Amino acid sequence: VLAPPPSRQALAEQLAALGYIVDDGLAMSVFLALRMQRPLFLEGAPGVGKTLLASMLAELFETRLIRLQCYEGLDISQAAYEWNYPRQLLELQARSRGAPGGDAASDASAATDDLYREAFLLKRPLLQAIDAAVERAPVLLIDEIDRADEEFESFLLELLGDFQITIPELGTIKARHRPVVVLTSNRTRDVHDALKRRCLYHWIDYPSLATELEIVRRKVPALGEHLRLRVVAFVQRLRREDLSKLPGVAETVDWAEAVAQLGTAALDAETVDATLGLLLKYHDDIERVRGPVVAQLLGESP
Amino acid sequence: VKLNGEAYRGGSGARGAGVPHDIVAFVRALRAAGLRVGVDQSESFAQALAWVDPMVRRDVYLAARATLVFRREDLAVFDELFAEFFGGPQPAPRGAAAQEPPLAPRHDRREFFRTALVAYMAERVDPAAREVEVPDRARAASGLEQLQRKDFADCTADELDAIARAMRELRLDVTLRYSRRLVRARRGDRLDLPRIVRDAARRSGAVLALARRRRKLRRRPLVVLADISGSMELYSRILLQFLHGVTQRHARTETFVFGTRLTRITGQLQIRNVDAALDHAAREIVDFAGGTRIGDCLHAFERQHARRVLGRGAVVLIISDGWDTGEPARLAAEMRRLAERAHRIVWLNPLAGRAGYAPEARGMAAALAYVDDFLPVHDLASLQTLAHRLGRLPRRKGAGDFAAARSPFAPHRVPGSRKLQPSAPQRAEVPR
């Protein structure tokens, strides 16, 4: 299970067996990232399954998923490591009580060195991912890197390029087993080229009609073949409309589930209008599409 | 598994030495088209080929794409060049058509692509045209006093040159906001534990003082939307020159120009001078018969760029006289949307500097309800005022309103609203 699959086709099949459908482009990028042991940078609109891919890989390799959710202000102490300050302080005070009247000045440097050892280190996700103690390389998901500040990106360069983290007080910690690293970005801002260059880059599109049909077939088996085609074709056409937020794959699946639950025989404009809130998340978008546009989209042939 | 490219055609050794000739040539072609492909990446591609069947064209294409491209904008050009370089048909279509920018569906795809390629290459290929000019301060200074209040439209070419030089002396500091990063501060509002421990270690565990931190202040991103149609072109040119000059070290400035369509020129401004970038953009997006469609252009901005560009509380500068040939209601609706996302909207209107100006252009009247600051920009003095004030925008959204008191046409305030109201004609109806 630990060895990467021999070809992109084999990888795609293994992922499909877990219920995650990839097209050949994504299969190739993931395959090469595994084979070449490079981080994978996934960019794309929200809802195309970027984050899900990482957990699928963890499942595939039967290993741990370590997730770092990025946000503005995220810094090394939250992402990589932090010294356990309360323990350090307690230790210092215990020592000074233990040796009263000692020469404070001469202790000082020894005390300082002694304080910065592994026992006082709190390991955060990035350091956990390259921790030598783990037996099996984990999957490290650095989610929504575009939310973090630019300063944080430069910190990641060392980790992504050499799979190591340098802690000034302790030295350089290098991964014994290289983790599988997946970075995602919703592209709310441009991530620096230097970071992307260290990765294999893949732009995830919304799935094609065939891929999305397959996804819905697996996720919502209760939905008949005819309705499935109608549902997916409608979503595909809807994504060509001028909307603030296009429906993602998760929305398609939710909607397909709803249509299956309603038990209607055919997908008519009335049903669509009533359930549009599952697909579109902005009031403006719903108002725009409801009625004539829905009727028109339903009327077109797939 | 040992992972490197040695399996591929036995190549290995010095940097780049293991990369076969056909790859080198292809990478060279990509670079010529403006893609920033590094040596590392061509090596990655060569390595990748060890893992795929080099005889299967689709596999080679996908491997090349995964290793050589790292920006979405580059994908279209990459596809085109790959097809050209390795022959055969266009690679399989990329997913749903919905992924094209919103302009595309109603356009012919090939036409769209060609424009994209031309625009792309123009932007990337020629970083040469850099402006080199020796400032002649002595001559400039003499005339500057008189030029202070002379409308740009009435200036001669020499006078405009003098103004351009004077503008370079101006400094601009866009308003600040608190980021979530922490910096040391004597009177910070939270404790700096790492420092406290380090200090304590030096004093045998005694904590004598509490080091503090506070949130770091940083500049807001600046987004400029400049109208370059008809009479606005001159003003926009001067203003962009001004903004380009004062924001060069301010990395977070995004610049767009519009006429009948919107185009992003941020990249071009980084590598060439304002005049060249505008000449290029003007050919593309100004349809002289079509007039200005501010509403449509704001809509395009909202769909294609707003998410990426307005993320961190941006200040939006719109440079336009407000003569809009579109529907005022549409412009108003787009302005409302923009106002929701931007920290502040500053509208710079050269006409506002004229005596007795009232926002008679229907578009201007419709937009004004959503503008935080409405300022004239028609002469050098007004630019100096602008530079001075951009650094003093209120830190919080909607707080204060410096334009209201000083704006030349003195709009009245509506109770309960901080935004400006046009005095005449009446504000357009805004649909939900």
Side-chain angles (χ1 to χ4, degrees), chain A residues 3-4 7-8 23-25 28-29 31-33 35-38 41 43 71-75 77 83 85 88-89 91-96 102 104 107-108 111-112 115 146 149 151 186-190 193 196-197 199-203 205-209 236 239-240 242 244 246 284 287, chain B residues 1 3-5 36 38 40-41 44 47-48 50-53 58-59 61-63 65-67 69-72 75 92-100 102 105 179-182 193-194 196-198 200-207 215-216 218 221 299 302-303 307-309 311-312 337 432:
Chain A
S7 68
R8 69 172 161 89
D23 63 15
D24 61 350
M28 177 62 91
S29 295
F31 169 71
L32 287 177
R35 278 295 178 184
M36 296 164 69
Q37 299 196 345
R38 297 274 293 273
F41 191 104
E43 206 168 48
Y71 54 88
E72 199 199 338
L74 176 67
D75 59 13
S77 66
W83 293 103
Y85 305 115
Q88 285 177 324
L89 270 181
E91 172 83 11
L92 278 171
Q93 307 211 328
R95 279 186 210 165
S96 64
D107 292 350
T112 313
L115 272 183
D146 51 330
D149 315 77
E151 289 95 329
N186 287 335
R187 212 169 189 246
T188 55
R189 69 175 175 84
D190 286 326
D193 284 355
K196 288 162 137 192
R197 276 175 195 277
C199 309
L200 297 186
Y201 172 84
H202 189 86
W203 171 264
D205 257 331
Y206 291 102
S208 65
L209 180 70
Q236 294 259 332
R239 292 201 186 110
R240 273 175 239 159
D242 181 16
S244 293
L246 299 178
D284 282 1
E287 287 301 303
Chain B
V1 194
L3 300 177
N4 55 39
R36 297 175 195 159
D40 289 354
Q41 283 156 297
S44 291
Q47 283 175 31
W51 297 106
V52 304
D53 183 352
R58 178 80 180 150
D59 277 20
Y61 162 74
L62 291 174
R65 196 177 74 181
T67 48
V69 181
F70 59 98
R71 291 140 59 99
R72 190 203 171 190
L75 283 171
R94 294 191 289 117
Q99 271 310 293
E100 298 294 343
S179 83
R180 304 183 64 114
R181 292 192 84 79
L182 299 174
L193 270 175
I196 291 171
V197 170
R198 230 166 288 141
R202 262 184 259 120
R203 301 187 187 97
S204 306
V207 177
R215 283 160 68 180
K216 188 177 168 181
R218 56 183 2 166
H299 183 72
E302 211 271 328
R303 283 290 189 270
R307 263 177 69 81
R308 197 171 46 79
V309 166
R312 307 255 156 115
R337 224 176 290 230
R432 277 290 307 154

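This one's a predicted model, so the numbers in the text were calculated from it and none came from an experiment. Convention: sequence-line order gives letters A, B, ...; per-chain numbering from 1.
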Where do Arg8(A) and Val52(B) land on the side-chain contact (heavy atoms from CB on, under 4.5 Å) test, with the steps shown first?
CA-CA 8 Å; Arg8(A) 69 172 161 89; Val52(B) 304; over 6 Å; no
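- Checked by atom type and distance alone, the side chain of Tyr201(A) pairs as donor or acceptor with a backbone atom of Arg72(B) at under 3.5 Å.
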If you apply the rule side-chain contact (heavy atoms from CB on, under 4.5 Å), what do you find for Val197(B) with Trp83(A), and how did you get there?
CA-CA 9 Å; Val197(B) 170; Trp83(A) 293 103; over 6 Å; no
Mind running salt bridge (Lys or Arg N to Asp or Glu O under 4.0 Å) on Arg303(B) and Asp242(A) for me, showing each step along the way?
CA-CA 8 Å; Arg303(B) 283 290 189 270; Asp242(A) 181 16; 2.6 Å; yes
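- Within the model, atoms CE of Met28(A) and CG of Asp59(B) stand 4.0 Å from one another, a figure rounded to the nearest 0.5 Å.
- Between atom CZ of residue Arg187(A) and atom CZ of residue Arg308(B) there is a gap of 5.5 Å, rounded to the nearest 0.5 Å.
- Two residues are said to be in side-chain contact when any heavy atoms from C-beta on lie closer than 4.5 Å; Phe70(B) and Phe41(A) fail this criterion.
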Step-by-step side-chain contact (heavy atoms from CB on, under 4.5 Å) determination, His202(A) to Val69(B)
CA-CA 8 Å; His202(A) 189 86; Val69(B) 181; over 6 Å; no
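- Contact annotation: the side chain of Thr67(B) never approaches that of Arg38(A) to less than 4.5 Å [non-hydrogen atoms, C-beta and beyond].
- Considering every non-hydrogen atom in both Glu302(B) and Ser244(A), the closest pair reads OE1-OG, 4.4 Å.
- Both the backbone and the side chain of Leu200(A) have a heavy atom closer than 4.5 Å to some heavy atom of chain B.
- Distance check: Leu62(B) CG to Leu32(A) CG gives 9.0 Å after rounding to the nearest 0.5 Å.
- To the nearest 0.5 Å, atoms CG (Asp284(A)) and CZ (Arg337(B)) are separated by 4.5 Å.
- Taken to the nearest 0.5 Å, the CG atom of Leu193(B) stands 9.5 Å off from the CD atom of Gln88(A).
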Test side-chain contact (heavy atoms from CB on, under 4.5 Å) on Glu151(A) and Lys216(B) and set out the steps.
CA-CA 13 Å; Glu151(A) 289 95 329; Lys216(B) 188 177 168 181; 3.3 Å; yes
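- Looking at Asp193(A) and Arg71(B), a side-chain N of the basic residue comes within less than 4.0 Å of a carboxylate O on the acidic one, giving a salt bridge.
- Remark: Asp24(A) engages Arg58(B) in a salt bridge, criterion side-chain N to carboxylate O under 4.0 Å.
- Looking at Arg215(B), neither its backbone nor its side chain comes within 4.5 Å of chain A, counting heavy atoms on both sides.
- Under the 4.5 Å side-chain criterion, counting only non-hydrogen atoms from C-beta, Arg307(B) is in contact with Asn186(A).
- Both the backbone and the side chain of Ser29(A) come within less than 4.5 Å of a heavy atom of chain B.
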